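Please read the structure below before turning to the comments.
Keep in mind the model is a prediction, meaning the values are calculated, not measured. Throughout, a chain's letter reflects where its sequence line sits, starting with A, and its residues are numbered from 1.
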There are 4 protein chains.
Amino acid sequence: MDRKVSPAATASPAKTASTANPPSPQRADNRRAQVIAAAARQLRENGYASTSMRKIASEAGILAGSIYYHFLSKEDLMSAVHDEGLKKISTSVRRAMEKESDPWLRLEAACAAHTGAILEADDFAGVVLADISRVSPDLQKLLNEQRNGYEEVFRVLIDELDLPPSVDRSLFRLSLLGSLNHASRWYKPDGRSPAEIAKTFVRMLRSGVGQ
Amino acid sequence: MDRKVSPAATASPAKTASTANPPSPQRADNRRAQVIAAAARQLRENGYASTSMRKIASEAGILAGSIYYHFLSKEDLMSAVHDEGLKKISTSVRRAMEKESDPWLRLEAACAAHTGAILEADDFAGVVLADISRVSPDLQKLLNEQRNGYEEVFRVLIDELDLPPSVDRSLFRLSLLGSLNHASRWYKPDGRSPAEIAKTFVRMLRSGVGQ
Amino acid sequence: MDRKVSPAATASPAKTASTANPPSPQRADNRRAQVIAAAARQLRENGYASTSMRKIASEAGILAGSIYYHFLSKEDLMSAVHDEGLKKISTSVRRAMEKESDPWLRLEAACAAHTGAILEADDFAGVVLADISRVSPDLQKLLNEQRNGYEEVFRVLIDELDLPPSVDRSLFRLSLLGSLNHASRWYKPDGRSPAEIAKTFVRMLRSGVGQ
Amino acid sequence: MDRKVSPAATASPAKTASTANPPSPQRADNRRAQVIAAAARQLRENGYASTSMRKIASEAGILAGSIYYHFLSKEDLMSAVHDEGLKKISTSVRRAMEKESDPWLRLEAACAAHTGAILEADDFAGVVLADISRVSPDLQKLLNEQRNGYEEVFRVLIDELDLPPSVDRSLFRLSLLGSLNHASRWYKPDGRSPAEIAKTFVRMLRSGVGQ
DNA sequence: GATGAATGAGAGTTCATTCAT
DNA sequence: TATGAATGAACTCTCATTCAT
């Protein structure tokens with residue numbers, strides 16, 4: 001309820017904080033990583049409210065109470081997972097973009113990477129996409145800041161497009177991201193690939209389906 | 001957890017069942033309706049896992065235990081709300097469509113109605129959009145069938161459009177619905193109206209934003 | 001932490017509130033009484049911080065969770081016990097006073113009753129005397145109000161004494177009550193009776209021990 | 001819970017033991033002293049049950065586990081604080097007494113010192129007054145012996161008074177100490193000073209307030 | 001002398017659910 | 001139809017304590 005989330009946890013590449021007892025910089029915080037991984041799996045599978053510290057702990061091979069050595073609270077842990085997830089997805093997107101120079105191709109590449117990341121079996125992505133409208137307001141604010149930081153890249157990509165002035169770039173971005181993120185609700189691995197889906201969505205929006 | 005959902009609860013126009021003790025046919029099942037309404041409000045506001053039977057009951061003016069006269073379980077109640085929500089939104093969309101005859105305008109009208117329903121203060125519509133990936137598999141299957149039944153109307157609307165053969169109508173539908181449903185994550189009442197948003201999205205997809 | 005104590009719980013003879021689910025007025029709230037009694041015993045024996053809801057419950061023959069049907073929280077329960085204890089002691093003191101008319105004898109009688117109550121094996125009295133300087137501020141304030149209400153009777157009794165103007169009646173009262181309450185730390189049932197102790201203390205303060 | 005208190009820890013002027021690993025005799029047991037000081041502050045502020053080893057440790061600038069190098073257990077630490085506190089207050093009282101030769105003035109001086117110690121910001125004195133009725137029986141016995149040792153000085157002071165044979169010196173002592181110790185419950189720094197309070201209480205008992 | 005990391009028990013509390021009345 | 005009262009399991013979190021390093 002109160003500020004149990006360490007506010008320093010951002011998606012920036014800088015050193016992540018959010019530890020109950022900060023471990024000495026370099027030394028094997030693999031246990032911390034294990035806990036984060038276990039939490040990601042549980043969060044992806046059961047959502048925040050239905051994920052229990054006990055299950056996370058048992059998946060990480062420790063007892064529930066021991067998690068509190070590494071994290072201040074459930075919310076703090078959730079925030080760390082979210083942070084990690086965004087970093088992963090963000091890196092993947094940025095890497096994909098850099099290979100292209102044409103604005104529309106850059107957007108396509110970014111969307112393909114984004115969609116690939118969220119549809120892969122990667123547990124972290126699921127957390128990043130999750131509906132957070134019901135976690136505590138404090139945590140919500142934090143996660144939204146993290147998300148906005150990430151989505152900034154799409155804002156920039158769309159700014160670089162040569163569009164008629166009548167187009168509302170903001171609505172364009174929201175429409176596109178909505179289409180892509182929604183794919184996690186219907187995607188089946190035996191159909192079109194995430195990259196194909198993403199590119200098709202971008203092209204539909206670029207050229208229109210009418211006529 | 002176990003199959004406590006009465007399997008007869010579908011979105012079909014037939015009389016919905018799913019009652020613990022069927023009340024005398026005609027007479028005042030207004031209590032039942034009150035409970036459903038209270039549940040809708042709570043589900044919309046807090047999500048499934050964080051909604052308690054006690055809060056629902058107290059909002060309906062009865063005690064928690066009394067709900068079990070009307071419903072078999074929490075999941076059964078959830079299912080009833082979902083059912084009701086789909087019926088409402090479905091009716092609203094159908095009514096809006098019927099006023100138009102041009103296929104694209106019919107689609108626009110339907111999308112506007114859909115978006116209006118899910119973004120406005122109607123508690124039931126919120127449930128329709130809710131992420132159900134964590135309720136019990138049984139219930140999940142049931143709700144997904146209900147949702148597919150509802151989305152059928154968009155399939156038909158899109159089938160009636162005159163589109164080039166290269167267009168994948170299925171992806172088009174998924175892209176459009178994704179954009180619209182995603183709006184619940186960023187919509188603010190002081191900006192563009194739900195109908196405007198919906199129409200803009202349809203037109204973007206129809207004509208494209210490029211050049 | 002937050003206002004989990006029903007503020008209506010006062011030592012006044014009026015109807016006590018502070019129930020989670022108010023039982024129908026008259027009907028057997030003997031379970032509630034049992035819980036209060038068990039809590040009194042535990043509180044007297046172990047103090048607030050060391051008394052667990054589980055132990056209270058098991059002594060009352062129910063499960064820990066069931067207490068929350070009758071009380072909002074541990075603090076609410078503590079408050080109810082305190083209230084009850086003050087009522088008991090208050091009644092006893094008032095009854096004793098009424099039999100005397102001479103101011104000093106009235107004071108003696110009241111002190112004898114007070115001391116008798118807190119030294120008896122009555123669990124409630126122990127709670128009334130307990131140091132509450134470390135329970136939550138909210139609860140502390142509430143209990144202090146209850147206590148001040150009770151001590152008012154001594155203020156009145158002392159006001160009615162014919163004392164030289166040099167005497168600080170407030171310090172007199174605090175000295176007297178301090179002596180009496182402190183007895184719970186050293187009293188042994190095989191020595192002087194509570195009434196004798198109390199009367200001796202009053203007389204020492206009245207006439208002095210010097211010369 | 002079990003007998004984890006080193007039995008050698010008494011208020012005797014002999015070297016106090018009660019160490020887990022006796023440090024090299026002379027050298028810097030300043031860490032030990034720091035821990036004791038931190039514990040005194042926490043115990044005074046939060047009471048025994050609500051004081052955690054972690055908080056004590058963090059206030060002493062070490063980790064919780066490290067306390068166990070210096071002390072066998074929480075109770076052992078508590079006992080050390082109590083011991084230290086009694087020594088401090090005892091010294092202060094004795095020093096004040098020595099300046100007076102008249103028996104009543106000696107008593108007044110001692111009471112003033114006693115009251116000053118327990119009401120002022122000295123953390124150790126607060127522990128001396130603490131209700132110890134709920135620590136383990138072993139520790140309780142130990143602390144009570146320490147306290148009795150301390151109160152001996154008042155026994156002696158009162159023995160030296162010239163009192164009528166009808167006066168029960170024991171009850172006189174208990175009444176006086178009760179009044180004084182009770183002051184910690186109502187004392188406010190902006191009112192009368194501890195010394196004034198103490199002297200007033202002694203004089204009331206000496207001369208009486210009556211007539 | 002101290003740390004990092006964990007243990008295991010137990011804390012207060014909430015929950016869906018049951019059932020006699 | 002609803003209530004009063006309880007169940008039992010689960011929840012997040014805190015604690016004193018241990019021990020290899």
Side-chain angles (χ1 to χ4, degrees), chain A residues 1 4 20-24 27-29 31-32 49-55 57 61-75 77, chain B residues 1 4 20-21 23-24 28-29 31-32 49-57 61-70 72-75 77, chain C residues 1 4 20-24 27-29 31-32 49-57 61-70 72-75 77, chain D residues 1 4 20-21 23-24 28-29 31-32 49-57 61-70 72-75 77:
Chain A
M1 303 258 157
K4 281 261 195 150
N21 299 32
S24 57
R27 285 230 299 99
D29 46 348
R31 237 341 164 357
R32 192 175 194 272
S50 299
T51 288
S52 82
M53 295 299 264
R54 274 199 238 297
K55 266 182 251 157
I62 56 178
L63 292 188
S66 308
I67 295 186
Y68 291 84
Y69 179 78
H70 302 279
F71 300 92
L72 292 169
S73 64
K74 190 184 176 185
E75 295 211 334
L77 173 52
Chain B
M1 304 263 154
K4 283 264 197 148
N21 300 28
S24 53
D29 46 349
R31 250 308 157 39
R32 194 176 193 272
S50 299
T51 288
S52 81
M53 296 296 266
R54 276 201 236 298
K55 265 182 246 155
I56 294 172
I62 57 178
L63 290 191
S66 310
I67 295 185
Y68 290 81
Y69 179 81
H70 303 282
L72 292 170
S73 66
K74 191 182 175 187
E75 294 213 332
L77 173 51
Chain C
M1 305 257 157
K4 282 261 194 151
N21 299 33
S24 56
R27 284 232 299 101
D29 46 348
R31 240 334 163 6
R32 191 176 193 273
S50 299
T51 288
S52 83
M53 295 298 266
R54 280 197 232 295
K55 265 183 250 156
I56 294 173
I62 56 178
L63 291 189
S66 308
I67 295 185
Y68 290 82
Y69 179 78
H70 303 280
L72 293 170
S73 64
K74 189 184 177 186
E75 295 211 333
L77 173 52
Chain D
M1 301 265 152
K4 282 263 195 147
N21 300 28
S24 53
D29 47 347
R31 250 307 154 43
R32 190 173 195 274
S50 299
T51 288
S52 83
M53 296 296 265
R54 274 200 238 298
K55 266 182 247 156
I56 293 173
I62 56 178
L63 291 191
S66 310
I67 295 185
Y68 290 82
Y69 178 81
H70 302 282
L72 292 169
S73 66
K74 191 182 176 188
E75 293 213 331
L77 173 52

Measure [atom1]/[X] against [atom2]/[N] and give the value in whole Å, please.
X: B/I56; N: E/dA16; atom1: CD1; atom2: P; value: 8 Å
X: C/I67; N: F/dG8; atom1: CD1; atom2: C1'; value: 15 Å
X: C/K74; N: E/dG10; atom1: NZ; atom2: C1'; value: 12 Å
X: C/L63; N: F/dA5; atom1: CG; atom2: C1'; value: 12 Å
X: B/K55; N: E/dT14; atom1: NZ; atom2: P; value: 10 Å
X: B/M53; N: F/dA6; atom1: CE; atom2: P; value: 21 Å

Checklist line | Touch class at under 4.0 angstrom, heavy-atom based, for B/S50 against every strand present | finding: nothing
Next item on the list: State the CZ-CD1 distance between D/R31 and D/I67, to the nearest 0.5 angstrom.
Entry: 11.0 Å
Margin query: I need the A/L63 CG to A/M53 CE distance, nearest 0.5 Å.
Written below: 12.5 Å
Margin query: Return whichever of D/G65 or C/S66 has its heavy-atom-nearest nucleotide of DNA chain F closer to the 5' end.
Written below: C/S66
Margin query: Reading DNA chain F from 5' onward, which residue's closest nucleotide shows up sooner: A/S52 or B/I62?
Written below: B/I62
Margin query: For DNA chain F, report each stem as range with range, ordered by first number, or say none. Use Watson-Crick or G-U wobble pairs under 3.5 Å, at least 3 in a row.
Written below: E:2-21 with F:2-21
Item checked: Of C/R54 and A/A64, the one whose closest DNA chain E nucleotide lies more 5' -> A/A64
N/O (side chain, [X]) to phosphate O (OP1/OP2, [N]) under 4.0 Å:
X: B/R31; N: F/dA2; value: yes
X: A/Y69; N: E/dA6; value: no
X: C/H70; N: F/dA6; value: yes
X: C/Y68; N: E/dT14; value: no

Item checked: Residues in side-chain contact (heavy atoms from CB on, under 4.5 Å) contact with D/T51, at least two apart in sequence or another chain -> D/Q42, D/L43, D/N46, D/I56
Item checked: Considering all heavy atoms, the nearest D/R54-D/A64 contact -> CG-CB, 3.9 Å
Checklist line | Closest non-hydrogen atom pair between D/H70 and D/S66, with its separation | finding: CD2-O, 3.7 Å
